[in-house]
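Small disclaimer: the values here were computed from a predicted structure and weren't measured.
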Amino acid sequence: KFKSIWDDKKFNTQNGTQEVKELLGCGAMQFPKPVALLEEILQFGVDDNDIVLDFFAGSGTTWHAVMSRNGADQQNRRFILVQLPEPLDPTNKEKKVAADFCNEIGKPQNLSEITKERLRRAARKVQNDNPLLVGNLGFHVFKLDSSNIQSWEVDRHNLPLTLENAVQHLITNRSEADILYELLLKLGLDLCVPIEPRAIVGKTVHSIGKGTLLVCLAEHIT
């Protein structure tokens with residue numbers, strides 16, 4: 001049974017600070033939650049193949065705890081972390097260390113870059129601590145943006161021009177990956193399904209879910 005009051009020293013935020021220092025080599029985060037605390041919470045009712053959502057990811061402790069538990073019991077819990085790219089002001093005493101760290105790794109000075117870098121380094125640690133772990137320790141990063149597809153807005157006083165403008169219905173300067181993932185979202189497909197490129201008649205075709213869906217985004221198709 002779980003205790004009503006958690007006063008174990010391993011749940012202290014000082015342990016979280018030390019964990020970040022060991023991973024990043026500096027105290028880039030102020031008093032983050034320790035991995036042990038999150039692992040304890042996960043045991044309340046997060047089972048194999050469940051998805052854990054952390055809407056304020058911070059240093060990424062939730063991911064670290066999820067992967068650590070997966071390594072311990074060989075389960076396949078997944079996760080979604082949400083973190084705004086909150087700017088790190090180097091003139092602010094509390095944020096200077098984090099801002100300097102972003103400069104050191106060549107990334108923009110914002111909090112989400114700290115989150116991503118911790119995930120990369122924690123993945124290596126989890127793998128080293130659990131050499132038999134066969135699960136996927138990778139992650140995708142998505143950023144909120146406008147649609148890649150131009151909306152249909154009719155100028156009833158100049159229909160020919162409206163039709164002409166709609167010939168190119170994709171917004172310029174967007175990558176194939178941008179368009180591909182928007183299609184997955186619109187179709188309600190899992191963003192973690194395997195995507196593999198295939199060559200068919202000299203064109204690149206994206207095979208999604210082992211051929212469940214085939215997408216070709218080449219500009220010219222015979």
Determine, step by step, whether Asp100 and Asn103 satisfy the side-chain contact (heavy atoms from CB on, under 4.5 Å) criterion, reporting the C-alpha distance in whole Å, the side-chain angles of both residues, the deciding distance to 0.1 Å, and the verdict. CA-CA 5 Å; Asp100 290 344; Asn103 291 339; 4.3 Å; yes
Between Leu159 and Val154, is a side-chain contact (heavy atoms from CB on, under 4.5 Å) present by the stated rule, with each step listed? CA-CA 7 Å; Leu159 188 57; Val154 181; 4.0 Å; yes
Assess the residue pair Leu133 and Gln127 against the criterion (side-chain contact (heavy atoms from CB on, under 4.5 Å)); give the C-alpha distance rounded to whole Å, side-chain angles, the decisive distance to 0.1 Å, and a yes or no. CA-CA 7 Å; Leu133 177 64; Gln127 188 68 71; 4.2 Å; yes
Intermediate values then yes/no, side-chain contact (heavy atoms from CB on, under 4.5 Å), Ile195 and Tyr181: CA-CA 10 Å; Ile195 301 176; Tyr181 277 105; 3.9 Å; yes
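Side-chain N or O atoms of Ser68 include none that pairs as donor or acceptor with a backbone N or O of Ala65 at under 3.5 Å. A distance-only check finds a donor-acceptor pair linking the side chain of Lys203 to the backbone of His220 [under 3.5 Å]. Side chain of Thr61 to backbone of Pro34: no donor-acceptor contact under 3.5 angstrom is found. Side-chain N or O atoms of Gln74 include one that pairs as donor or acceptor with a backbone N or O of Gly71 at under 3.5 Å. Under a 3.5 Å cut-off, the side chain of Thr115 and the backbone N or O of Gly58 do form a donor-acceptor pair. No donor-acceptor pair closer than 3.5 Å links the side chain of Asp50 to the backbone N or O of Arg78. Checking side-chain atoms of Asp54 against main-chain N and O of Thr62 turns up no donor-acceptor pair under 3.5 Å. Of the possible polar contacts, one joining the Ser175 side chain to the Asp178 backbone as a donor-acceptor pair under 3.5 Å is found. Distance alone, capped at 3.5 Å, places no donor-acceptor pair between the Gln83 side chain and the Ser112 backbone. Judged by distance alone, with hydrogens and angles left aside, the side-chain atoms of Asn158 form a donor-acceptor pair with the main-chain N or O of Leu161 at under 3.5 Å.
Summarising the local packing, NZ of Lys125 is surrounded by 12 or fewer heavy atoms from other residues, nucleotides or ligands at distances under 6.0 Å. Residue-environment remark: CZ (Phe55) stays at or below the threshold of 12 foreign heavy atoms within 6.0 Å. For CZ of Phe56, the number of neighbouring non-hydrogen atoms (other residues, nucleotides, ligands) closer than 6.0 Å is 12 at most. Counted within 6.0 Å of CD on Gln43, heavy atoms from surrounding residues, nucleotides or ligands total more than 12; the atom is thus considered enclosed. Within 6.0 Å of NE2 in His140 there are more than 12 heavy atoms belonging to other residues, nucleotides or ligands. When the shell of 6.0 Å around CG of Asn173 is examined, it contains 12 or fewer heavy atoms from other residues, nucleotides or ligands. A 6.0 Å sphere centred on CD of Gln14 holds no more than 12 heavy atoms belonging to other residues, nucleotides or ligands.
A salt bridge links Arg77 with Asp73: the closest approach of a Lys/Arg side-chain nitrogen to an acidic carboxylate oxygen falls below 4.0 angstrom.
Pairing each heavy atom of Leu119 with each of Gly60, the nearest pair is CD1-CA, 4.0 Å. The two atoms that bring Pro32 and Thr17 nearest to each other are CD-OG1, 3.6 Å, heavy atoms only. Between Ile221 and Cys216, the shortest heavy-atom contact is CD1-SG, 3.9 Å. Taking each heavy atom of Glu94 and Gln30 in turn, the nearest pair found is O-NE2, 3.8 Å. Between Ala28 and Val20, the shortest heavy-atom contact is N-CG1, 4.3 Å. The nearest pair of heavy atoms linking Ser147 to Ile171 is O-CD1, 3.1 Å.
Hydrophobic cluster membership differs between Phe11 and Val35, with clusters built from Ile, Leu, Val, Met, Phe, Trp and Tyr side chains linked at under 4.5 angstrom. Residues Leu84 and Leu88 are members of separate hydrophobic clusters, defined by side-chain heavy-atom contacts under 4.5 angstrom among Ile, Leu, Val, Met, Phe, Trp and Tyr. There is no path of hydrophobic side-chain contacts, each under 4.5 Å, that joins Phe79 to Leu38. Tracing side-chain contacts under 4.5 Å through hydrophobic residues (I, L, V, M, F, W, Y), one never reaches Val205 starting from Leu217; they form parts of separate clusters.
Side-chain polar atoms of Gln75 and Asp47 form no donor-acceptor pair below 3.5 angstrom. A donor-acceptor contact closer than 3.5 angstrom links the side chains of His206 and Glu176. Arg174 and Ser146 share a side-chain donor-acceptor pair at under 3.5 Å. Counted by atom type alone, Glu86 and Asn110 present zero donor-acceptor pairs between their side chains at under 3.5 Å. Thr162 and Glu153 share no donor-acceptor pair across their side chains, judged by distance under 3.5 Å alone.
Atom-to-atom distance recorded for Leu81:CG and Arg118:CZ is 10.5 Å, nearest 0.5 angstrom.
The side chain to side chain contact (heavy atoms under 4.5 Å, CB included) test with Ile80 singles out one residue from Ile51, Leu191, Val52, and that residue is Ile51. The only member of Lys9, Lys3, Lys10 that meets salt bridge (Lys or Arg N to Asp or Glu O under 4.0 Å) when paired with Asp7 is Lys3.
Taking the six-membered ring where tryptophan is involved, the planes of Trp63 and Phe139 are perpendicular, since the angle between them exceeds 60° and thus also 30°.
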